[in-house]
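Notes follow the structure.
Labels below follow one simple rule: chain letters A, B, ... track the order of the sequence lines, proteins then strands, and each chain is numbered from 1. Values below: every heavy atom of this structure, side chains too, minus hydrogens, waters and symmetry copies.
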Number of protein chains: 2
Amino acid sequence: MADIIVTPIPERKRGSGVKLVYDLLRDEILDLTLPPGSPIDEVQLAERFSMSRTPIREALVRLAGEGLIDTLPNRSTMVSNIDFLNLHTFFEAITLMYRMTTRLAAKHHNPGDLPIIRAHQAEFAKAVAAQDALAMIATNRDFHAAIAEAGRNPYFTALFCRLLDEGRRILRMYYQSFDDRLPQRYADEHEEMITAIAARDVDAADRLAKSHADQIVRQIQQLFARDQRQDIAL
Amino acid sequence: MADIIVTPIPERKRGSGVKLVYDLLRDEILDLTLPPGSPIDEVQLAERFSMSRTPIREALVRLAGEGLIDTLPNRSTMVSNIDFLNLHTFFEAITLMYRMTTRLAAKHHNPGDLPIIRAHQAEFAKAVAAQDALAMIATNRDFHAAIAEAGRNPYFTALFCRLLDEGRRILRMYYQSFDDRLPQRYADEHEEMITAIAARDVDAADRLAKSHADQIVRQIQQLFARDQRQDIAL
DNA sequence: CGTTTATTTCTTGTCGACAAATAAAATACA
DNA sequence: TGTATTTTATTTGTCGACAAGAAATAAACG
């Protein structure tokens, strides 16, 4: 008599399904695995994760709350678009948050914060050395998020992380189109920022954060300027 | 034969239930009708709105996403507490947002924006004249939200509105404990801000926003200093 | 052949019910 | 009487099913 084959790992803890779906979809959206405009189908996801639509739905509500997906009433829901026309507002906001969080980190960091920040910077340097674009983007985010945490202002940290995540989508396009030697420069700037924070030099931290932000903004703007030229019909 | 009595208004449009519950709970939380720590019971709400637990749940997930309620896994969910120990981070953030949004409004406002802002200011003045504390809080929020809208940076607007809403809870306590003549001063400062915005005077807008914010922060701090004295055991 | 109307299809929104997890109550035990 | 253990109760998390809405398709009509 043949043994009955059971599904390998159908076991899941009670409240874990939502977080699982949320985290995975979030990553896929930010990595552009699910590019803007991708349709999100509830039943399809329910089959994929072999669970009911209810927890899927809860994860989608959360993602919608963060603006990562758009829901048309009674109709489809899809990955939200990047508003290229208003990118300047994004740059404006993220530059300010770079400055504020770095300033506050210089002011309020505790002894335990610096090792964490340095660890993230080491990860970033490793990703740069390996020329791993996806890892660079992720570790860069974590590095700055750690600085924001050390600044001890949850409101700024929340906005900054949101902006960094939205930036992940934009940076993903950036690194998709060309790889140059700038990442090394970013790594060096990170080191300077750490030094300024460790020295509790608020003004230096602010200056470095601003130039770091300007640097990134300029790079992205150049990318889009180039793309726009390509878009012109001949 | 007696007519069968039907429930008066059981009709509700398909996707409207969630928004209904969300808006109402949100208002009750921000007005302190539901003070921090109040238990939120799903079945109770389901009965109150005569609908299933599913839409209630969705509304709660959204509120949790904004940090207005805290959810203990598998156990109760309740209105989130106000973190009085870290109020300074709140003041820091809202002061910066007052400044940024007012600056940006001075820079980017369109002809259509000023009438809207003035309308909200008129509502605020009316509430002040009527000594209606709740209306003052609500119209003050709307006034500053309108300025933020005119600044045309959705990231700042979103954070600012969130801070203003969180502030609604704090201000509610403020006006509960004592009414003085300061609201008139706030109304005057509002007028000055409108003038600066209309004149596109960024520096003046910034200065006024900063002093306005400082004014409010100082008032709240005085309230809490007073409360703290009362809290000391005799 | 083009336009309007009916039908089908597909997705979402809502429901009632059940199972799991935890707290509270009751019981057993020293 | 105090503590540990079992039982009950309450609340949440998940499920499958059904109905409403809107787009896509088919049909009717000029």
Side-chain angles (χ1 to χ4, degrees), chain A residues 6-26 28-29 34 36-81, chain B residues 6-26 28-29 34 36-81:
Chain A
V6 289
T7 48
I9 315 153
E11 305 286 339
R12 237 193 303 266
K13 282 170 211 160
R14 195 171 150 81
S16 69
V18 177
K19 184 169 163 42
L20 196 84
V21 177
Y22 171 81
D23 286 340
L24 199 75
L25 279 184
R26 183 189 162 81
E28 292 190 349
I29 291 171
L34 290 175
S38 302
I40 306 282
D41 189 70
E42 294 181 6
V43 288
Q44 188 177 318
L45 288 170
E47 287 172 11
R48 178 174 162 197
F49 292 97
S50 59
M51 57 173 75
S52 162
R53 273 177 53 220
T54 310
I56 304 284
R57 209 140 210 290
E58 183 170 329
L60 294 185
V61 169
R62 283 216 251 160
L63 290 170
E66 296 179 35
L68 291 177
I69 61 177
D70 289 333
T71 302
L72 289 266
N74 281 317
R75 211 65 208 142
S76 70
T77 141
M78 56 192 208
V79 178
S80 65
N81 289 312
Chain B
V6 290
T7 49
I9 315 152
E11 306 286 339
R12 237 192 304 265
K13 283 170 208 159
R14 197 172 152 80
S16 69
V18 177
K19 185 169 162 40
L20 196 84
V21 177
Y22 171 81
D23 286 340
L24 198 75
L25 280 183
R26 183 189 162 82
E28 292 189 349
I29 292 171
L34 290 175
S38 302
I40 306 282
D41 188 68
E42 294 181 6
V43 288
Q44 189 177 318
L45 287 171
E47 287 172 12
R48 177 174 163 197
F49 292 97
S50 59
M51 57 173 74
S52 164
R53 270 178 54 221
T54 309
I56 305 283
R57 210 139 208 291
E58 183 172 328
L60 293 185
V61 170
R62 284 216 251 160
L63 289 170
E66 296 179 36
L68 291 178
I69 62 177
D70 289 334
T71 302
L72 289 266
N74 282 316
R75 213 63 211 144
S76 69
T77 142
M78 56 191 207
V79 178
S80 66
N81 288 314

message: For a quick test of reading the model, state the closest non-hydrogen atom pair linking A/E42 to A/I56 and the distance between them.
response: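 Between these two residues, the closest heavy atoms are O-CG2, 4.2 Å.
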
task: Indicate the atoms forming the closest heavy-atom contact of B/P36 with B/N81, along with that distance.
output: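 It is CB-OD1, 3.5 Å.
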
Just the rounded figure in Å: distance from [atom2] of [N] to [atom1] of [X].
X	N	atom1	atom2	value
A/E47	D/dG16	CD	C1'	14 Å
A/E42	C/dT14	CD	P	12 Å
B/L20	C/dT14	CG	P	11 Å
A/D41	C/dC10	CG	C1'	9 Å
B/D70	D/dT12	CG	P	14 Å
A/N74	D/dA19	CG	P	16 Å
B/M51	D/dA19	CE	C1'	16 Å
A/Q44	C/dT12	CD	P	10 Å

Measuring from the side chain of [X] (C-beta onward, heavy atoms only), which nucleotide among [options] has the closest atom?
X	options	result
B/R53	D/dT11, C/dA17, C/dT12	C/dA17
A/S52	C/dT12, D/dT14, C/dT14	D/dT14
A/R75	D/dT14, D/dA23, C/dC15	D/dA23
B/T54	C/dT12, D/dC15, C/dC15	C/dC15

So what does [X] hit on the nucleic acid, given a heavy-atom distance under 4.0 Å: a base, only sugar-phosphate, or nothing?
X	answer
B/L60	nothing
A/T77	sugar-phosphate
A/E58	nothing
B/S76	nothing

- prompt: For DNA chain C, whose closest nucleotide is more 5', that of A/R14 or that of A/L72?
  reply: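 The residue whose closest nucleotide sits nearer the 5' end is A/L72.
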
B/Q44 atom CD, neighbour heavy-atom count above 12 within 6.0 Å: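 Counting neighbours around CD of B/Q44, 12 or fewer heavy atoms of other residues, nucleotides or ligands fall under 6.0 Å, so no.
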
task: Kindly indicate whether the side chain of A/E66, heavy atoms from C-beta on, has any atom under 4.5 Å from the side chain of A/I29.
output: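 SC-SC contact between A/E66 and A/I29 ruled out.
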
- request: Taking the side chain as every heavy atom from C-beta outward, state whether B/V61 and A/V18 have any atom pair closer than 4.5 Å.
  value: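 No, too far: nothing below the 4.5 Å cut-off.
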
- request: Could you check A/P73 against B/T71 and say which one's nearest nucleotide on DNA chain D is further toward the 5' end?
  value: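 Here B/T71 is the residue nearer the 5' end.
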
